[in-house]
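Just so it is clear, the values below take in all heavy atoms, side chains as well, and ignore hydrogens, waters and symmetry mates. Numbers for residues simply follow the sequence, beginning at 1.
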Amino acid sequence: MLGILYLILCFSLGWVICSYGYPDLAQITKSSYNKQKIHFSPYLLLFPVWFILGSLAMTWATYIAAYLFAGREEPLLYANGIIMPLTAIIITAYIITLNYSGRLSANVVATDNSRKAGTRISLLSDDKRVRNIELILLLGITALAFILMWKTFFVKEGELYVGISVFSDFSPHVGMIRSFSYGNNFPTTYSHYAGTDIKYHFMFQFLVGNLEYLGLRIDYAFNIPSILSFISAFLLLYLLALKITGKIAAGILACLFFAFRSSKALFTFLANIPKGTGILQALKENTAFIGDTPNEDWGLWNLNVYANQRHLAFGLGLIFFIIILFLPRVYEMSEFIRNKLGQQKGDQYKIKESLGDVIRYAFFSREGWSVENLRYSVVSGIFLGSLSFFHGSAVIGCLLVLFVVAIIANHRLEFAILALITIGLTLLQTNFFIEGSVAKFEYLFGFIAENKTLFGVASYLDRLLGILPIVLIVAFCLQNFIDRHIMLAFTLPLVFAFTISLTVDVTVNHKYIMLSCILLGIYAADLVNKILEMDKWVIRLAGLALIIVLTSTGIYDFMTVIKKNTPESSIVLSLEDPLTRWIDENSDSKDLFLTSNYSINQVVLGGAMLYQGWQYYGWSAGYDTMYRDGMVKQMYEASSPRELDRLVKENNIRFILVDHDSRYSLDYDLNEENIKNTYASVYDEGVGEWNITIYDTRFIRYK
């Protein structure tokens, strides 16, 4: 199937890109940042990176090609017809080059340095025990990914089931996917506020839409890249934790803390169980996300986010990879200062004895600013910048972390080059896709805490994160200077979330808080692992108890995701619905539909471009939904054909849909008779109040 072939090409292109952009990539799996030998199978790094980078490159190339053929009936036909063969040629040419030079082996990965030395690097770890641990870890992550993705979005007997915990965000996601696979959304506009620009990062939905266009059923097209992204993010976090701590157990615990959040929510829930109700009974019967902070009932902080916002894991994976690449510069600076000052002051010299010397060598030495590996900076900047319309918050979060890391890093200009390329590409994309201002930096202290004071925020974090802040404070006190600095870098996205708002809906800042918690979870994992390594069994038992406290709410949240998303509670849409089929066959993405404020239904599934969908989606993306609310009211209430036709032309409406929702709307009084007298009906089904009629505004009935 062409969709599967496309994904194979993504992996293969990622391999070629890494061979040139990161030629010694496999080498970084051999030692920790403190130069301790670690056991890690390079494929756990290479496959995720190949997928992420290859998907970024292929998807952007396909989109640009499709944009160039926007005037054709099926631009994706031309785009895929050019990009897929071209990619195959590039990959084949690279393989031929390797064969010609005698450097290709089916069973090994060799870096440039190792080739010169006549050695090869195995794809698997050289430690059998480690390979078994990695296999168990990989199987666990994969099982978790499959459950999350297929439980919330699947097709059965010709019907699409959209989970109750994800249907809200899936409304614009499915609309955008179908605008590409069914429509011709070039130049791209937002499916729930069509006819203007696109302010929302949509490229992951374009990837899914293209996979569906290439023949994958919509659930496979959405779930397969989502699962691959989820697995990639976890494996790259595992490697990052392993390189920071040098401990396999710490890497596993970091993944555990990534999956299952720390919070007081479960303990608060248990404390409020009514007298006479059994604990197990209460836990079993509850189907709501628990927690007493604002919007926590959305599943805002648990695994439901990765089922709901499939593009988030993709962005996190790239963040972790870039941090893995650039974090060594901090350790290099520490070693450089220690060696330099040790030569001048003697072997017993302690850095803390002369802060002035440290500042002089850190900020005014050539090593502190010189560029050693320009290739990493340029390639990483290109791909991080390319992520902007896959997940813009991920780009900002990554730059925030790297900004603090760079303060005491060697070769600081490499960070600056990466940032400049990233920002330049981001501005280029935003100026191309978005009309007017992109984002407005506004100081807003407190995030969504009820009491936006210092103590109010502290109370909010205490309820939200549970014991995690205390664990991190202890871990911070026990770490050395370099790791304390890295912890501060990992904390900056959280600080940003509580002080800066970029959109009208500050709730979206929750992703920065999650990023900080995931990265800081590495140091929480390191502390817990040290406790578990102690000799006294009582202390080790306390470590196990600490793991339970840190993960129990998250584990229960995962059980809630499963309980909430049953076939009986799902939004069920027919893939063979006549209305959906009619919209697909008779409209494209340039045709605006005047409808009720839909969330997700058969009209959205058909790829219809809504003039005004559910207002929250457009409002939170930065659109003026109040203006269009007024226009919808005027058009549906228009008292004469001439008035209606004038409004329709002013707003570029192609189709007017009248159904039960519009007839019984509380926002306007529908003048259905006027619409009938103005335009010809082109679709009609049902009777009475459940009748659905579509009017084509090109066919005017009045004179």
Any donor-acceptor pair under 3.5 Å from Asn80 side chain to Ile83 backbone: no
Least distance between heavy atoms, Tyr22 atom then Ser380 atom: OH-OG, 2.9 Å
Check: Phe230 ring centre within less than 6.0 Å of Phe146 ring centre: no
Trace of the side-chain hydrogen bond (donor to acceptor under 3.5 Å, both in side chains) decision for Asp684 with Tyr695: CA-CA 9 Å; Asp684 188 89; Tyr695 299 90; over 6 Å; no
Under 3.5 Å donor-acceptor, Ser501 side chain and Val506 backbone: no
Audit row: Phe153, Leu160, side-chain contact (heavy atoms from CB on, under 4.5 Å) steps and yes/no: CA-CA 7 Å; Phe153 194 78; Leu160 175 64; 3.7 Å; yes
Asn184-Ser589 side chain donor-acceptor pair, cut-off 3.5 Å: no
Reference residue Phe206; test ring pair (Phe, Tyr, Trp, His ring centres under 6.0 Å); the match among Phe389, Tyr63, Phe390: Tyr63
Side-chain heavy atoms of Thr87 within contact of Met58, under 4.5 Å: yes
Heavy-atom side-chain contact between Thr507 and Trp298 under 4.5 Å: yes
Heavy atoms of other groups near Trp60 CH2, more than 12 under 6.0 Å: yes
Shortest non-hydrogen contact between Gly54 and Leu13, atoms and distance: O-CD2, 4.2 Å
N/O donor-acceptor pair under 3.5 Å between Asn509 side chain and Ala497 backbone: yes
Residues Met635, Tyr668; criterion side-chain contact (heavy atoms from CB on, under 4.5 Å); working and verdict: CA-CA 10 Å; Met635 284 185 279; Tyr668 46 80; over 6 Å; no
Close side-chain approach of Trp150 and Ile227, heavy atoms under 4.5 Å: yes
Side-chain donor/acceptor of Thr697 to backbone N/O of Ile653, under 3.5 Å: yes
Check: Asn431 side chain, Leu427 main-chain N or O, donor-acceptor pair, under 3.5 Å: yes
Minimal non-hydrogen separation, Phe11 against Trp50, with atom names: O-CB, 3.6 Å
Step-by-step salt bridge (Lys or Arg N to Asp or Glu O under 4.0 Å) determination, Asp629 to Lys633: CA-CA 6 Å; Asp629 278 342; Lys633 179 180 175 66; over 6 Å; no
side-chain contact (heavy atoms from CB on, under 4.5 Å) between Ile218 and Arg178, worked out: CA-CA 9 Å; Ile218 188 170; Arg178 281 291 169 89; 3.9 Å; yes
Modelled atom types, side-chain donor and acceptor of Ser665 and Tyr636, under 3.5 Å: no
Gap separating the OG1 atom of Thr499 from the CD atom of Glu442, nearest 0.5 angstrom: 11.5 Å
Tyr683 vs Thr693, side-chain hydrogen bond (donor to acceptor under 3.5 Å, both in side chains): CA-CA, chis, key distance, verdict: CA-CA 5 Å; Tyr683 180 87; Thr693 303; over 6 Å; no
Backbone of Met631 reached by a side-chain donor or acceptor of Gln612 within 3.5 Å: no
Sidechain-backbone polar pair: Ser55 side chain, Ile52 backbone, donor-acceptor under 3.5 Å: no
Distance flag, aromatic centroids of Tyr190 and Tyr623, threshold under 6.0 Å: yes
Phe403, CZ: over 12 other non-hydrogen atoms inside 6.0 angstrom: no
Side chain proximity check, Ile448 to Asn295, heavy atoms < 4.5 angstrom: yes
Tyr611 six-ring face occupied by Arg628 cation (under 6.0 Å, within 45°): yes
For Asn565 against Ile164, the heavy-atom pair lying closest together: OD1-N, 3.1 Å
Side-chain touch Phe320/Leu519, heavy atoms, less than 4.5 angstrom: yes
Sidechain-backbone polar pair: Ser662 side chain, Val658 backbone, donor-acceptor under 3.5 Å: no
Asn651/Leu592 under side-chain contact (heavy atoms from CB on, under 4.5 Å): CA gap, chis, key distance, verdict: CA-CA 9 Å; Asn651 291 278; Leu592 271 60; over 6 Å; no
Cationic N near anionic O, under 4.0 Å, Glu212 to Arg217: no
Throw together a table of side-chain donor-acceptor distances under 3.5 angstrom for residues 68-79, partners on residues two or more places apart or in other chains.
from: Arg72; atom 1: NH1; to: Tyr78; atom 2: OH; distance (Å): 3.3
from: Glu74; atom 1: OE1; to: Tyr213; atom 2: OH; distance (Å): 2.6

Arg654 side chain vs Phe593 backbone, donor-acceptor pair below 3.5 Å: no
Single hit among Tyr161, Tyr220, Phe222 for ring pair (Phe, Tyr, Trp, His ring centres under 6.0 Å) with Phe154: Tyr161
Beyond-backbone contact of Val401 with Pro493, side-chain heavy atoms, under 4.5 angstrom: yes
Carboxylate-amine/guanidinium proximity below 4.0 Å for Arg663 and Asp661: no
Salt-bridge present (Asp588, Lys590; N to O < 4.0 Å): no
Over all atoms of both residues, closest heavy-atom pair of Met609 and Ala194: CB-CB, 3.5 Å
Side-chain heavy-atom pair Leu216, Tyr6 within 4.5 angstrom cut-off: no
Trace of the ring pair (Phe, Tyr, Trp, His ring centres under 6.0 Å) decision for Trp614 with His192: CA-CA 7 Å; Trp614 188 256; His192 272 61; 9.7 Å; no
Distance flag, aromatic centroids of Phe699 and Tyr679, threshold under 6.0 Å: no
Ser12 side-chain N/O to Leu9 backbone N/O, donor-acceptor pair under 3.5 Å: no
Tyr443 atom OH: more than 12 heavy-atom contacts under 6.0 Å: yes
Flag side-chain contact, heavy atom, 4.5 Å: Phe202 against Ser191: no
Non-hydrogen atoms of Asn597 and Gly613 that approach each other most closely: CB-O, 3.6 Å
Positive for side chain to side chain contact (heavy atoms under 4.5 Å, CB included) with Asn210, one of Val208, Leu214, Leu207: Leu214
Contacts of Asp577 that satisfy side chain to side chain donor-acceptor pair (under 3.5 Å) - sequence neighbours left out: none
Residue of the set Tyr200, Tyr617, Phe204, Phe167 for which side chain to side chain contact (heavy atoms under 4.5 Å, CB included) holds with His173: Tyr200
